[in-house]
Amino acid sequence: MQYDIDFLIIGSGIAGLSFALKVADAGRVAIVTKKEAVETSTNYAQGGIASVLGRYDSFDLHVQDTLAAGDGLCRQNVVEMVIRDGPSRIRELMDWGVAFTRRSADNDELDLVLEGGHSQKRIAHAGDFTGRVIEQALLDQARRNPHIGFFENHIAVDLITYSMRMKRGTVTAAHEDVCCGAYVLDTGNGEVHTFRAKITVLATGGTGKVYLYTSNPDIATGDGIAMAYRAGALVGNLEFVQFHPTCLYHPEAKNFLISEAVRGAGGILIDARGRRFMEDYDSKKDLACRDVVARAIDNELKKSGDDSVFLDITHKDSDIVQARFPNIYEKCLSLGIDITKEPIPVVPAAHYMCGGVLVDIDGRSDVERLYAIGETACTGLHGANRLASNSLLEAVVYAHRAATHAKAHLEKKTLDFCPEVPPWDPMGTTDSDEAIVVSHNWDEIRRLMWNYVGIVRSNKRLLRAKNRIEMIEEEIHQYYWNFKVTPDLIELRNIAVVAHLIIQSASLRKESRGLHYNLQYPNKDDRHWLKDTILRRPFVG
Ligand code: FAD
Ligand code: SIN
C-alpha cells in the first residue's frame with residue numbers, strides 16, 4: 001500500500017507530537033510509531049524541563065551551566081537560541097494542557113527545583129512524572145486534530161532517498177540525497193507500506209537499548225540514527241553516551257530511574273558501609289554533573305566489589321518526600337523499599353545519547369527534506385555532556401524551529417520529484433524460524449557495549465568491541481536479506497549499526513572529555529580534539 005502525505009513524522013514522543021501540532025494546519029500529517037503512541041522515553045521522564053523562569057535566574061546563568069556541562073563542545077549560538085526560546089515553549093506546553101506543579105494551591109508560580117550542574121532552581125516539573133503529564137497532554141491534542149493520522153504499531157524500516165532509486169537506474173545523480181519518505185512495516189499484518197512524503201521528520205528518540213543496563217524503555221534502539229546513516233546523512237558525537245548515576249538496583253525493576261531531583265532535594269550517595277563518597281570526587285559533591293557522579297560510582301563499585309551504592313533521603317521529612325516523589329516512593333515500596341526509612345540501592349545505566357543525526361539550527365539534516373528533532377538529533381546544545389533536564393527543552397525548541405522552517409518551504413515542494421517509488425521488495429524471503437539467532441545477537445551486542453564501551457573505555461576494549469561488532473554485523477547482514485523482516489530483526493540491525501558508530505567515534509577521539517573517558521588518554525586535548533566527531537557512511541557504488 002502507498003500513502004501520499006505532506007509530513008511524515010516517525011515517533012510520537014515530545015518531539016514528534018509537538019512538531020505535528022505545529023504543522024497540522026499546513027497539510028496532511030502521518031505519525032508513524034512503532035508501538036502504542038504513548039510508549040516513548042518522554043512518557044518516563046521524571047525530573048522535569050529546564051528553563052529560565054525564576055526571579056533570580058538569568059539566560060546567562062543557564063547558558064553558562066549548559067556550556068560548563070558540555071565541556072567545550074557546545075555550539076554557543078545553539079545554546080543561546082535554545083535557552084532564550086525556553087520560556088515561550090514552556091508557556092506553549094501549558095497552553096496545550098500540561099499542568100506543571102505550582103508552588104502552592106493558591107499560588108500561580110511554578111515550583112522550580114534544582115538538579116545536578118544547575119546553579120539555580122530552574123526545573124519545571126509535574127511531581128516526579130513530568131514526562132507522563134506532557135505526553136498525555138500532547139497526545140490528547142494530537143488525537144483531536146483531524147489533520148493528524150496515527151499509525152501505531154508501525155515501524156519504519158528505512159528511509160526512501162533518491163540515491164536509493166538511482167541505484168536501480170531510474171534517476172540522475174543530480175537528485176541524490178533527497179528524502180521522499182520511508183518504508184514502514186505494519187507489525188500487525190507483516191506488510192511493508194510505502195509512505196511518500198514532502199517532508200520526513202525523524203523523532204525516534206534515544207539509543208539506550210544498545211547497552212545491557214539502561215533507564216530507557218524498549219523503543220530506544222537508535223532507529224533514526226541508523227536509518228539516517230544508511231541514507232547517507234551525517235551523524236556526530238556518538239561517543240558521548242550519558243550514563244545516569246542512579247537507576248534502581250533491584251532484580252525485579254526493569255529500567256527504573258531514581259530522578260536526579262532526589263539529589264536536588266538533598267539526597268546523599270553512600271556506599272554499603274554508609275560512607276559518603278562524592279566529596280572525594282568533586283567540590284559540588286552529590287550535585288556534580290552526571291558524568292562525574294557516574295564515574296565516581298563506577299570507581300567505588302570496582303574498588304569495593306559491591307553490587308550497588310545507595311541514595312539516602314531518609315533524613316528529610318517523610319511527608320515531604322512522599323509528596324514530592326510519589327512515583328518513586330510507590331515504585332520502591334512495591335519492591336519492599338520504603339525510601340523514607342531506608343537508602344535506595346542504585347547503579348549507573350545508559351540514559352541519553354548526546355550525539356545523533358547532525359542538524360542545522362532549523363533541525364535539517366544534510367539530506368534534503370529530512371529533519372531530525374529530539375534525542376535522535378545532534379544539534380550542538382549538549383556538546384560532550386548534557387545538562388540535566390535540557391533534553392525535553394531541546395525537543396520542544398527544535399520541534400518549533402523545524403516546523404516553522406518546514407511550513408515555510410512546503411509550498412515549493414511537490415511529490416512529483418519522486419513519481420515512482422518502487423514498492424518494498426521482499427526478495428522471496430521466508431519466515432524465519434530461527435529467532436534464537438536474533439535474540440542471541442541482541443544480547444551479545446548489549447553485553448559487549450556495556451563491558452567494552454561503557455563509562456570507562458580503553459584502546460584494548462574498544463578494539464575488542466570493534467572486532468566483535470564487525471562479525472555480528474556480517475551475520476546480521478546475511479540474515480537480514482535471507483528472511484522476512486520482523487520488528488526484532490529491524491531493531492537488531494539498528495542497534496548493531498549504532499553500536500558500531502559509537503565504537504568508531506569513541507576510537508577516533510584520543511582524549512577524555514565530558515562523557516567520553518579513555519584510560520589511555522585521561523586528559524582533555526583542546527589542541528586536537530575541540531571538535532565534533534562526524535561520520536558518514538562510505539559511498540557504496
Ligand atoms: P521519545 O520520547 O523516546 O519518542 C521516540 C518515538 O519514536 C517513540 O514513539 C518510538 O516508538 C518511536 N520510534 C522509534 N523508532 C521508530 C521506528 N523505527 N519506527 C516508528 N517509530 C519509531 N529529559 C529531561 O529533559 N528531563 C527529564 O526529567 C528526563 N527524565 C528522563 C527519565 C527517563 C527514565 C528517561 C528514559 C529519559 C529522561 N529524559 C529526561 C530524557 C528525555 O525523556 C528524552 O530525551 C526525550 O523524551 C526524548 O524525546 P523524543 O521525542 O526525542 O523521543
Ligand atoms: C532525572 O530525573 O534524573 C532525569 C533528568 C534528565 O535526564 O534530564
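FYI, side chains are in, hydrogens and waters are out, and symmetry mates aren't considered; it's all heavy atoms of this structure. Positions are given from 1, in the same order as the sequence printed here. Atoms within each ligand, like the ligands themselves, are counted from 1 in listed order.
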Closest heavy-atom approach to atom 33 (C) of ligand 1 among His351, Lys34, Gln46 is made by His351

Nitrogen or oxygen of Asp223 less than 3.5 angstrom from that of ligand 1:
yes

Quick one: pull up SG in Cys247 and NZ in Lys254 and give me the separation to the nearest 0.5 Å.
13.0 Å

If we count only N and O atoms by modelled type, under 3.5 Å, do the side chains of Glu394 and His382 hold a donor and an acceptor together?
yes

Options Ile373, Thr221, Asn153, Ile219, ranked by nearest heavy atom to atom 10 (C) of ligand 1, top entry
Ile219

Run down the list Gly374, Gly205, Pro487, Pro217 and name the one with the heavy atom closest to atom 53 (O) of ligand 1.
Gly205

Nearest protein heavy-atom contact for atom 34 (C) of ligand 1: which residue, which atom, what distance?
Tyr44 O, 3.5 Å

Before giving the answer on side-chain contact (heavy atoms from CB on, under 4.5 Å), spell out for Ile344 and Thr246 the whole-Å C-alpha distance, their side-chain angles and the decisive distance to 0.1 Å.
CA-CA 9 Å; Ile344 314 163; Thr246 58; over 6 Å; no

For ligand 1, is any non-hydrogen atom under 4.0 Å from His154's backbone (N, CA, C, O), its side chain (CB onward), both, or neither?
backbone

Measure from atom 5 (C) of ligand 2 to every heavy atom in Arg290, His244, Glu260 and give the option owning the shortest one.
Arg290

Assess Gly131 for proximity to ligand 1: is some non-hydrogen atom of it under 4.0 Å away?
no

Protein contact of atom 8 (O) of ligand 2 - nearest heavy atom, named by residue and atom, plus distance
Ser389 N, 2.6 Å

Specify side chain, backbone, both or neither for Glu152, according to which of its non-hydrogen atoms lie closer than 4.0 Å to ligand 1.
neither

Among all protein heavy atoms, pick the one closest to atom 3 (O) of ligand 1 and tell me residue, atom and distance.
Ser41 N, 3.0 Å

Could you pull out, from Val184, Thr42, Thr130, the option with a heavy atom nearest to atom 47 (O) of ligand 1?
Thr42

Does Arg295 make a cation-pi contact with Tyr281, if we ask for NZ or CZ under 6.0 Å from the ring centre and within 45° of the axis?
no

Please report whether ligand 2 has a polar contact with Gly47, defined as an N or O pair separated by less than 3.5 Å (distance criterion only).
yes

Considering only non-hydrogen protein atoms, determine which one is nearest to atom 51 (O) of ligand 1 and report residue, atom name and distance to 0.1 Å.
Ala15 N, 3.0 Å

Please classify the Leu257 to ligand 2 contact at 4.0 Å (heavy-atom distances, strictly less than): side chain, backbone, both or neither.
side chain

In Å and rounded to the nearest 0.5 Å, what is the CG to CG distance from Asp158 to Leu185?
12.0 Å

Looking only at protein heavy atoms, what sits closest to atom 29 (C) of ligand 1 is Ala45 CB, 3.5 Å

Check ion pair Asp85-Arg401 (N to O, under 4.0 angstrom)
no

Looking only at protein heavy atoms, what sits closest to atom 2 (O) of ligand 2 is Ser259 OG, 2.7 Å

Glu39 and ligand 1 - part of the residue with a heavy-atom distance under 4.0 Å
backbone

Salt bridge or not for Glu491 and Lys35, using N-O below 4.0 Å?
no

Check: Val367 main-chain N/O paired with Ser365 side-chain donor or acceptor under 3.5 Å:
yes

The reported gap from CD1 in Ile148 to CZ in Phe7 (rounded to nearest 0.5 angstrom) is 10.5 Å

Using the rule side-chain hydrogen bond (donor to acceptor under 3.5 Å, both in side chains), only one of Gln120, Arg122, Lys121 pairs with His118; which is it?
Arg122

Does the residue Arg386 have a heavy-atom contact with ligand 1, meaning some pair of atoms that are separated by less than 4.0 Å?
yes

Is a side-chain donor or acceptor of Gln242 paired with a backbone partner of Arg290 at a separation under 3.5 angstrom?
no

Just let me know how Leu257 lines up against ligand 1, side chain, backbone, both or neither, with a heavy-atom cut-off below 4.0 Å.
side chain

Distance alone, cut at 3.5 Å: any donor-acceptor contact between the side chains of Arg386 and Tyr352?
no

With a heavy-atom distance limit of 4.0 Å, tell me whether Ala388 approaches ligand 1 through its side chain, its backbone, both, or neither.
neither

Within this structure, what is the CZ-CD1 distance for the pair Arg324 and Ile313, rounded to the nearest 0.5 Å?
9.5 Å

Tell me which protein heavy atom sits closest to atom 42 (C) of ligand 1, plus the residue, atom name and distance to 0.1 Å.
Ser391 OG, 3.6 Å

